[in-house]
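These values consider heavy atoms only, across backbone and side chains, with no hydrogens, waters or symmetry-generated copies. Note on naming: letters A, B, ... go to the chains in the order of the sequence lines (proteins, then strands), and numbering restarts at 1 for each one.
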Amino acid sequence: MQKLTTGTLMRFAKNSICGEQPILQVLNIKLMDSKSVNGSSMTASQYKKTQRYRLILSDGKHFLPSCVLTVQLNELVVNGQLQEYSIIRLDRYLRSDLKGQTAKMILQILQVTVLDIATHKIGNPVSLLTANLNEIETLTTSITKNVLQPKVTGSVFKQPIVPIINDLPIVPPPLSTTTTTDVDSIKNNRLFKIEALNPFQNKWTIRVRVASKTPMRTYANGEGKLFSCDIIDETSEIRANGFGDDCDRFEPLLIIGNIYYITQAQIKYANKQFNTLNNDFEMTFNNETIIEPCLNNIQPNIPMQRLHFISIDQIQNIETNSFIDVIGIIISIKDMIHGKSKQNKDYTKRDILILDRTGQITVTLWYRIAENFQTSTVRSVIMLKGASVNDFNGGRTLSVLACTQVHIDPDLPIAHELRKWYLEEGMNIDMTDLTLHSHKHENISWKTFGQVAEYESSMASIGNSEIFRIKAVCTFVRHDPVYKACSRFDCKKKLQDNNDGTYYCLKCDLNYEDFKLLYMTSILLSDSTGYQWVSFFEKESEILFGCPPEQFPCGKSKDDEEKAYQKLTSICGQEKMFLIRVKLNHYNNHDRLQFTCVGIEPIDARLMCHLYLEDIGKMSCILSD
DNA sequence: CCCCCCCC
C-alpha cells in the first residue's frame, strides 16, 4: 500500500507545493450540480461531458473537500478506476481560490494516476478549511525553498507533464516593452498567461492577440446581441464573448491580428459541444472588463494563429464530432443547395472538395458561409481552423460550423508551399476521395471474382456492406448510360416523360419542366477467374466515359447513335483497379448482393507486385504446412 | 446570456 504524502495539503494551503506530486486518498466523490445541464435537450454523451465531479482528498492528516476533477478525467470515475478510498498521485493540478479567500480554496485536478485502492479511510484527517492557521504559517518557511524545483515523472496519461506554476504568477509585467498607458491598466493586476486563467481567479491581465472575431449578431432566445473572438498568447487560446453593451464597447476596438491587454472578465467552463478551442474555459466580458490596445503591437512571441494541421489522409482516424485544423486546395465548388432538414428547418449548404498531398475530402459549408462563398476561389488555398469531423457512409466529411475559422489564401509558408505543389504536381494526380471510401487503401482486401463467388454466401450472412479491390476489364456496357433525373436537390429519381414537355417524379409526386442528366449504368467486369455485373453511378461513369453526362451523345439521330456506340465500345477492354462495394439488398422477397463501383484507380504496377508477392507468400505457407 | 452546427 502506498504511503500518503502527509502534510502536503497544508503546504498546498500556503501555495507552496507546486512541483510536488503528492500521494493522496480519495474519501468521497460526488457529482456537482451543473447549470448547463438544466432544461436542455442534451444527448447522453453530451450530458456526460458537462458533468463535473467533486472529490474529497486526504493526505492522512487533513482533507480538502473542494477538489474538482477536470471533465477529461470523468471517464476514470465512470469506469470505476477512480472511486472512494482510491490512492492517487496528483500529477497536474491548479489551485484556484474563490474570491481570493483561502477558506474557499479549490484544487483543480488536471492529471492523476490511480495507484491503488484501500479498504478504509487512512488516518483520521480533519478538514483543511478549519485547520489551525498558525500551523500553516510555521510550515511555510521551511518548504518554500523547493517551490521552483518541480519533480517530473511519468504518467499513465497522454498529456506531457508540465510543471505547474501556481495561479499567482511570479512573472512581473514587462515594464521595458510597455508604455505608461499599458502599465496603468495592469498596475493592480499581474500579467497572466491564458493557460493560467480559470474561473476562480479575479485579478488578472492578459496580453493577447485577436486571432479571429465573429460579426456582431442578435439572438432570439432571450433577446440580445453578442460577438465573440478567439484570442491567443504564447501559451494557449481562449474564446471571449461580449454581450449587449459590451458589444458596443469592445467589438469595434478589437481588430483581428492586433494585440491587446485585457483585464478582468468572467471565466467559465466552455461548452465543448460548441467551442472548438483547446481550452476548458471561455471568457465573457463584463462591467469590470478593461481592454486596451498594446501600443507595442509587435510581439513576436505571440503567434498569429495557433494551428495544428491534420493531413487529409489522417482525418479517417479522427473521432467524429471533434474539431480539427486542415489546409488544402479547393479543387471544386458545388452549387448552393436549399433544403429542409429532418426537423423541417430550412437550410442552405454548399459542398466543396479540398485536396492536399495525402488525399481529398468534401467540406460542407452552411448558411451564410455557403451563400457568400466566392466560386472564384477554386484552386485557392483554404485553411480551416476548428472544422468539425463528420461521418458519412463510413467515410469522413468536414463541416464548417459557425465557430469554424475559414481563411482563403492565408499568408502562411505552408499555404504557399501547398499552392506551389498543386500547380506543379497536384493538379495531375488522381487522389483518393475520403468521402467515398474511408478505408485506408492498404486495408482493402484484394480479390478475384473467383474469390468473390466463394465468399458471397458468407457476406450474405453478415448482411453488411463490404468493399474490395479488384483488377478487372470492362467487357460489356449496358446501353443508354444517361437518364433524365429529377433536378430537385438530392432527389435524382428517374423521371417519367409525360410527353407534353413535362416530367413526373414519383418520389416528389410533382411534375417538372426541367431535368438533369445523370449517369447510371451497369458494366460487366471480368477477370481470369470470373465476371460480375457492377453498377456505376455518376462519378465513376464519368471517369470511364471521359465526359460529363450532358456531353454523352444520347440523341435519336443516326450520328448520335453512332457516337454513343463508339463511346460504349471504347471503354470495353479497359483494365483498371476497381473499388467495389457489395451490399446485401432485400429485393422482391429475396436477398441479393448488389455490386457498386465506388472508385477507379489506374493499375499501379508496384502495388500489383506487392499484392502478388503477398499471395505467393500465403501459398508458400500453405505448401510448407 | 450564445450554442444554429443541419444534408446526402
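In this structure, A:R350 reaches neither bases nor backbone, as no heavy-atom distance under 4.0 Å exists between it and the strands shown. If you check every strand for non-hydrogen atoms under 4.0 Å, A:E282 touches a base.
Here B:dC4 presents its P atom at 15 Å from CG of A:N321, a figure rounded to the nearest Å. Spacing between atom NZ of A:K334 and atom C1' of B:dC8 amounts to 11 Å, rounded to whole angstrom units. The distance between atom CG of A:L353 and atom P of B:dC8, rounded to the nearest whole Å, is 19 Å. Regarding A:F227, its CZ atom lies at a distance of 20 Å from the P atom of B:dC4, rounded to whole Å. Between the CD1 atom of A:I337 and the C1' atom of B:dC8 there is a distance of 8 Å, given to the nearest Å. Rounded to whole angstrom, the span from the CD atom of A:Q266 across to the C1' atom of B:dC2 amounts to 13 Å. In this structure, the OH atom of A:Y367 is 14 Å from the C1' atom of B:dC3, given to the nearest Å. Per the geometry, CZ belonging to A:F281 stands 23 Å off P belonging to B:dC3, to the nearest Å.
Between B:dC4, B:dC3, B:dC6, one nucleotide has an atom nearer to the side chain of A:Y347 than all others, and that is B:dC6. Ranking B:dC6, B:dC4, B:dC2 by closeness to the A:A402 side chain, first place goes to B:dC4.
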* Please report the C-alpha distance between A:F323 and A:L277 in whole Å, then the side-chain angles of each, then the deciding distance to 0.1 Å, and finally whether the side-chain contact (heavy atoms from CB on, under 4.5 Å) criterion is met. => CA-CA 8 Å; A:F323 298 109; A:L277 300 188; over 6 Å; no

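Between the side-chain ring of A:W366 and the base of B:dC6, a stacking contact exists by the 5.5 Å and 30° definition.
On a pure distance criterion of 3.5 Å, a polar donor-acceptor pair joins the side chain of A:R239 and the base of B:dC2.
Applying the ring-ring contact (aromatic ring centres under 6.0 Å, His included) rule to A:Y269 yields the partners A:F281; only residues at least two apart in sequence or on another chain are considered.
Counted by atom type alone, A:S212 and A:Q405 present one or more donor-acceptor pairs between their side chains at under 3.5 Å. Side chains of A:S399 and A:S388: a donor-acceptor N/O pair is absent below 3.5 angstrom, by distance only.
A salt bridge between A:R350 and A:E371 is absent, with no side-chain N of the basic residue lying under 4.0 Å from a carboxylate O of the acidic one.
The side chain of A:R217 contributes an N or O atom lying less than 4.0 Å from OP1 or OP2 of B:dC3.
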